Student: 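This structure is in structure tokens; I'll ask about it shortly.
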Amino acid sequence: MIFHGLKGITCTETAISHIDGDNGQLIYRGYDINYLTKNHTFVEVAYLLWFGELPNQQELNWLTNELKARRVLSDSTKQLIKLLPEDMDMMSVMSTVIASLNTATFNQMTEIEQSMMLTAIMPSIIGYRKSVQKNYVIDEKITEDLNHIEYFLHMLTDKKPEPTHVKALDTYMILTIEHGLNASTFSSRVTASTESDMVAAVTSAIGTMKGPLHGGAPTGVLDLLEEVASSQNSVQLIEQKINSGEKLMGFGHRVYKTTDPRAIALKEKLIDMKGNDEWLDLAMNVEEITIDALNRLKLGRGIYTNVEFYAAAIMKAIDMDPALFTPTFTSSRVVGWTTHVMEQAENNVIFRPQSTYIGKFLTHV
Ligand SMILES: CC(C)(COP(=O)(O)OP(=O)(O)OC[C@H]1O[C@@H](n2cnc3c(N)ncnc32)[C@H](O)[C@@H]1OP(=O)(O)O)[C@@H](O)C(=O)NCCC(=O)NCCS
């Protein structure tokens, strides 16, 4: 029996998160995501994943300061970022920079210190690369007091972060911080299972995250929305796409067989933020048409809206450049990856599935 794409196969135990795909529930270390987004921040949830408990005030202050202290890029990293080809995409920049980190120093740090460092520098890599491309200088006086999410937003947009935008990004980042054995997390665990280091595991994960079927989906959602907005007959357009075998970005999920709870939470956040908004109306309309068409044309496949659909909308609402959508997803998911790498090490068995040979058997004379 062959399980293509390892569909439906359980290959490890985890205490990090639980996905109930039939009932649309996602839990991190015992807490429902809706409780966490309403009552806690991204940094608190990062603490929860790494340490297993939510932080008290003192622990939160400690982590906030650790992230601030570790986000400074070294001169050699800055130099590398400047040297990379001007048209290299941000995900490739991120994986190159992470892969270049000095493992001699890194491996002397504890795994938690490495996790904090990898999480802290993601916004700096993105922001610094952007400043090089657009030829401006980041004012470190303005950024030094900002907390992790404010700093991130500043680095993404080079603007003073608006509180509503900070809250929206924080919500998005909590909702995408962790999600079981998705493709990129699996890839980080496979690398960790060879007893390779955390830098290598995160580098593998970034490469996996880049693909349009995983972290690259939000950019595809924007393209879809723009195409629908300029079409004469949106129902016909969506039907044609489905009939020609195209995968519509922002729909379908390997585990959820109902609406992704993260999509519901993001949609609520957007409605709170935006009220009546032309673009949000377009997104909701495309969602309705697409779900209706998928129900008719892909009957019984259980395809619903996934997190990426409203992720694209929320990132657009905070004026983010679409090229930074996947790097933003990466910057939250790095917390999940590092947590999984630590969990893998606790009870390691190398991942090594098998394949069935379907090639030739040649006889030699
Ligand atoms: C996420 C995803 C890879 C899950 O894939 P999966 O569980 O392996 O499901 P499959 O690819 O086997 O699809 C099952 C059926 O549903 C269809 N389907 C699944 N997602 C679809 C989508 N987004 N649009 C159109 N059809 C879709 C497939 O074409 C297939 O149809 P078939 O049975 O006629 O061949 C897939 O739904 C997808 O590519 N979605 C779009 C990308 C996306 O939004 N990714 C972000 C995920 S959070």
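Just so you know, ligand 1 is whichever comes first in the structure, and atom 1 is the first atom listed for that ligand. Values below: every heavy atom of this structure, side chains too, minus hydrogens, waters and symmetry copies. Treat the numbers as computed from the prediction; the structure is a model and nothing was measured.
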Student: For ligand 1 and His214, I'd like to know whether there is a polar contact (N/O to N/O, distance under 3.5 Å).
Tutor: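 Not met; the criterion fails.
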
Student: Cation-pi between Arg189 and Phe351: NZ/CZ under 6.0 Å from ring centre and within 45° of the ring axis?
Tutor: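 No - Arg189 does not lie over the ring of Phe351 by the 6.0 Å and 45° rule.
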
Student: In this structure, does ligand 1 have an atom that sits under 4.0 Å from one of the heavy atoms of Leu294?
Tutor: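 Checking ligand 1 against Leu294, which is what was asked, there is a heavy-atom contact under 4.0 Å.
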
Student: Ring centres of Tyr172 and Tyr310 under 6.0 Å apart?
Tutor: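 Centroid separation for Tyr172 and Tyr310: 6.0 Å or greater.
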
Student: Does Lys7, backbone or side chain, put an N or O under 3.5 Å from an N or O of ligand 1?
Tutor: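 By distance alone, the answer is yes.
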
Student: Below 4.0 Å from any atom of ligand 1, is there a heavy atom belonging to Gly5?
Tutor: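 Not so, Gly5 does not reach ligand 1.
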
Student: Please indicate whether any nitrogen or oxygen in Phe251 is less than 3.5 Å from any nitrogen or oxygen in ligand 1.
Tutor: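 N/O-N/O distance below 3.5 Å exists for this pair.
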
Student: Is the shortest N/O to N/O distance between Arg262 and ligand 1 below 3.5 Å?
Tutor: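 No; every N/O pair is 3.5 Å or more apart.
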
Student: When the ring centroid of Tyr35 is compared with that of His40, is the distance short of 6.0 Å?
Tutor: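 Between His40 and Tyr35, which both carry aromatic rings, the centre distance is below 6.0 Å.
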
Student: Does Lys241 have a heavy atom less than 4.0 Å from any atom of ligand 1?
Tutor: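 The answer is no: ligand 1 sits nowhere under 4.0 Å from a heavy atom of Lys241.
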
Student: Judged by modelled atom types alone, do Asn61 and Thr64 share a side-chain donor-acceptor pair under 3.5 Å?
Tutor: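 Note: Asn61 and Thr64 side chains miss the donor-acceptor criterion.
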
Student: Measuring from atom 27 (C) of ligand 1, which candidate in Val307, Asn243, Ile303, Val255 has the nearest non-hydrogen atom?
Tutor: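 When every heavy atom of Val307, Asn243, Ile303, Val255 is considered, Ile303 comes closest to atom 27 (C) of ligand 1.
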
Student: Aromatic ring centroids of Tyr304 and Tyr256 under 6.0 Å?
Tutor: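 Ring centres of Tyr256 and Tyr304 not closer than 6.0 Å.
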
Student: Can Arg29 and Glu53 be counted as an ion pair, charged N to O under 4.0 angstrom?
Tutor: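 No, no charged N to carboxylate O under 4.0 Å.
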
Student: Have a look at ligand 1 and work out which part of Arg254, if any, has a heavy atom under 4.0 Å from it: side chain, backbone, both or neither.
Tutor: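 The part of Arg254 near ligand 1 is both the backbone and the side chain.
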
Student: Does the Thr119 side chain pair with the main chain of Ser115, one donor and one acceptor, at a distance under 3.5 Å?
Tutor: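 Yes, Thr119 side chain to Ser115 backbone: donor-acceptor pair under 3.5 Å.
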
Student: Please work out whether any backbone atom (N, CA, C, O) or any side-chain heavy atom from C-beta onward of Arg301 is under 4.0 Å from ligand 1, and answer side chain, backbone, both or neither.
Tutor: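 The part of Arg301 near ligand 1 is the side chain, not the backbone.
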
Student: Going by a strict under-4.0 Å cutoff (protein heavy atoms only), does atom 21 (C) of ligand 1 have a neighbour on the protein?
Tutor: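 At least one protein heavy atom is under 4.0 Å away.
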
Student: Looking only at protein heavy atoms, which one is nearest to atom 13 (O) of ligand 1, and what is the separation?
Tutor: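 Minimum-distance protein heavy atom for atom 13 (O) of ligand 1 reads Lys247 CE, 4.4 Å.
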
Student: Decide if the gap between the ring center of His179 and the ring center of His253 is smaller than 6.0 angstrom.
Tutor: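 Yes; His253 has its ring centre under 6.0 Å from that of His179.
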
Student: Any carboxylate oxygen within less than 4.0 angstrom of a Lys/Arg side-chain nitrogen, looking at Glu144 and Lys68?
Tutor: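 The answer is no: the pair does not qualify as a salt bridge.
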
Student: May I ask you to identify, for Asn306, whether its side chain, its backbone, both or neither come under 4.0 Å of ligand 1 on a heavy-atom basis?
Tutor: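 The part of Asn306 near ligand 1 is the side chain, not the backbone.
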
